[in-house]
Number of protein chains: 2
Amino acid sequence: MKKTSAQSSISSPKSEQDLALRQPLYVVVAHTLQKEIEQGKYTVGSVLPTEEMLVDRFQVSRHTIRQALRELKDQGLIQARAGIGTIVRTQPGKIWMMSGLNSLVDLLEFATETEMHILNTSTVTADRHLVKMIKCELGSKWLHMEILRCLPDQPRPLSFLKVYVQPKYAPKLKKLKHMREPIYAVLEREYGVRIAEVRQELTADSLDHDIAELVDATPGQAALSIIRHYYDSRGELVQIALGYYPSGRYTQTTRIHSKLDE
Amino acid sequence: MKKTSAQSSISSPKSEQDLALRQPLYVVVAHTLQKEIEQGKYTVGSVLPTEEMLVDRFQVSRHTIRQALRELKDQGLIQARAGIGTIVRTQPGKIWMMSGLNSLVDLLEFATETEMHILNTSTVTADRHLVKMIKCELGSKWLHMEILRCLPDQPRPLSFLKVYVQPKYAPKLKKLKHMREPIYAVLEREYGVRIAEVRQELTADSLDHDIAELVDATPGQAALSIIRHYYDSRGELVQIALGYYPSGRYTQTTRIHSKLDE
DNA sequence: AGGTATTTGTTCGTATGTATT
DNA sequence: GAATACATACGAACAAATACC
């Protein structure tokens, strides 16, 4: 007499869960609310239903509702204040599409909008120079690809990428010449790999002659250089990308929130 | 017979709580564990005590332990995996001190280590140019300060900052010429303002002549330009900072995690 | 100004599911 | 398959912040 009062309005009890969605309840709730915010059901500045009302609506415990709201809070989507309620802060996607990078979802979705032209592909062993560049293990082997990333309606490339992928994923990658989807999407489709975390390191640099020519920029021009390490859900490093973004073509916004301060 | 079994080993029952620390239990637990990781009690790669053991040790519920661990997880400090345990991923502070920016705490602590030389102070009204630069409201008034930020043992400045602060905080700021603490610390000490969120926008630029001279760099050299908007816990904008970091003097690392993907 | 209702924040307890060894 | 350890989910209560009268 405890199991009978479970889910009702958000996902069918057992039929649809078989193939696709066996997701936790709080994820379902969070997604539902996020979609509704995107669709304008709750506008920026407006107040979300109280936790108790959401409990009634989704027929889950307050604990589950709060966990869902915490996800949205961590994304900077909403802001909760005791005594007031939960207000919508920003509309996801809309404004930040091209520049935003607040969550992994944003990062990956942004990558989807670009075209990838693969210049060359090779297999490399990490020497000291490469170890220093991308902070991998000495002697480790990698599939190396050089890529130009372009936006559909822009004359000049967005960036030049040097990508290093674990060799076990080489078969499906090494013959590619052109992609409309990022490499992580290929890995997911072909190998079932899901990226769970990205760590990136960001500096300013001057473009050298070779790269400047590739991206149609002037040598010495300022550029963002970004090194990204991609990890799967088990914490294994699957991909490293080194990107050069000439100044004026890319801006990155980040949100840093405080929960633990002293 | 429920309240008597509360806190014991982490904070004295009622004596020390009066003046300073009336913090939630999970914050205390999180801080304690973080300090212990910093001090090497748990090294990188090692396994933290199980949640049940932590329940015994801190004499709090598992829910509270999990909330504490979630804080550390969100910072990228630890990684939990079912069936395995909770492993330490990175040692906070140590390596990333100069470069790291994973949480607001890192950002603010990093700022503490620098010396600020205030070049000049003035009051400005936002014109179209300023609105475009720092994305504030047209006609709003700001206390403007130009600052050189230096690291104690480095010959050249780390960065040049143009800072805009709400005029209501001007009295305690406008006569300053030198600080060993960042502006937010002054605001907190003098006005009780606590920064709860920072949004930053990051691009690469070439240094113009004036700024290059100030930071002892060559004109045209690449630099990170970072715009930061500081908000308090009520979501009010209290400060905007525009920083120029010549290439080679500053690197920023960020961690992006996925919890909600579809 | 002050008290009460509302709403989120924190904390306890308990049970079951899932991943790993 | 069994034991271990984290993940998810239920319920309940009180505290703290805010709004309203």
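As a basis for the values below, the full set of heavy atoms in this structure was taken, side chains included, without hydrogen atoms, waters or symmetry mates. Protein chains get the first letters and strands the later ones, always in sequence-line order, with residue 1 at the start of each. These figures come from a predicted structure and were not determined experimentally.
- A salt bridge does not link B/Arg70 to B/Glu51: none of the charged side-chain nitrogens sits closer than 4.0 Å to a carboxylate oxygen.
- In this structure, CZ of A/Phe58 is placed 13 Å from P of D/dC10, rounded to the nearest angstrom.
- Residues B/Tyr184 and B/Gln239 approach most closely at N-OE1, 4.1 Å, considering heavy atoms.
- Atom CG of B/Leu77 sits about 10.0 Å away from atom CZ of B/Arg89, to the nearest 0.5 Å.
- Listed by chain and number, the residues in a ring-ring contact (aromatic ring centres under 6.0 Å, His included) with A/Tyr231 amount to none (sequence neighbours excluded).
- Rounded to the nearest 0.5 angstrom, B/Leu48 CG and B/Lys41 NZ are separated by 10.0 Å.
- Between the P atom of C/dT7 and the CD1 atom of A/Ile78 lies a distance of 16 Å, rounded to the nearest Å.
- At the phosphate of C/dT7, neither OP1 nor OP2 sits under 4.0 Å from any side-chain N or O atom of A/Thr86.
- Distance, B/Ile65 CD1 to D/dC6 P: 11 Å, rounded to whole Å.
- Classification of A/Glu52 and A/Arg66 as a salt-bridged pair fails, no side-chain N sitting under 4.0 Å from a carboxylate O.
- In this structure, the CD1 atom of A/Ile84 is 10 Å from the C1' atom of C/dT8, given to the nearest Å.
- Going from atom CD of A/Glu71 over to atom P of D/dA9 covers 11 Å, rounded to whole Å.
- Taking atom CG of A/Leu48 as the reference point, atom P of C/dT6 lies 19 Å away to the nearest angstrom.
- The CD-C1' distance, from B/Glu52 to D/dC6, rounds to 12 Å in whole Å.
- Remark: C1' of C/dT8 and CZ of A/Arg70 are 13 Å apart, rounded to the nearest angstrom.
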So which protein N/O to nucleotides 9-11 of chain C N/O distances come out below 3.5 Å?
residue : atom : partner : partner atom : Å
C/dG9   : OP2  : A/Arg66 : NH1          : 3.0
C/dG9   : OP2  : A/Arg66 : NH2          : 3.4
C/dG9   : N7   : A/Arg62 : NH2          : 2.8
C/dG9   : O6   : A/Arg62 : NH1          : 3.1
C/dT10  : OP1  : B/Tyr26 : OH           : 2.9
C/dT10  : OP2  : B/Tyr26 : OH           : 3.3
C/dT11  : OP1  : B/Leu25 : N            : 2.3
C/dT11  : OP2  : B/Leu25 : N            : 3.4
C/dT11  : OP2  : B/Tyr26 : N            : 3.3

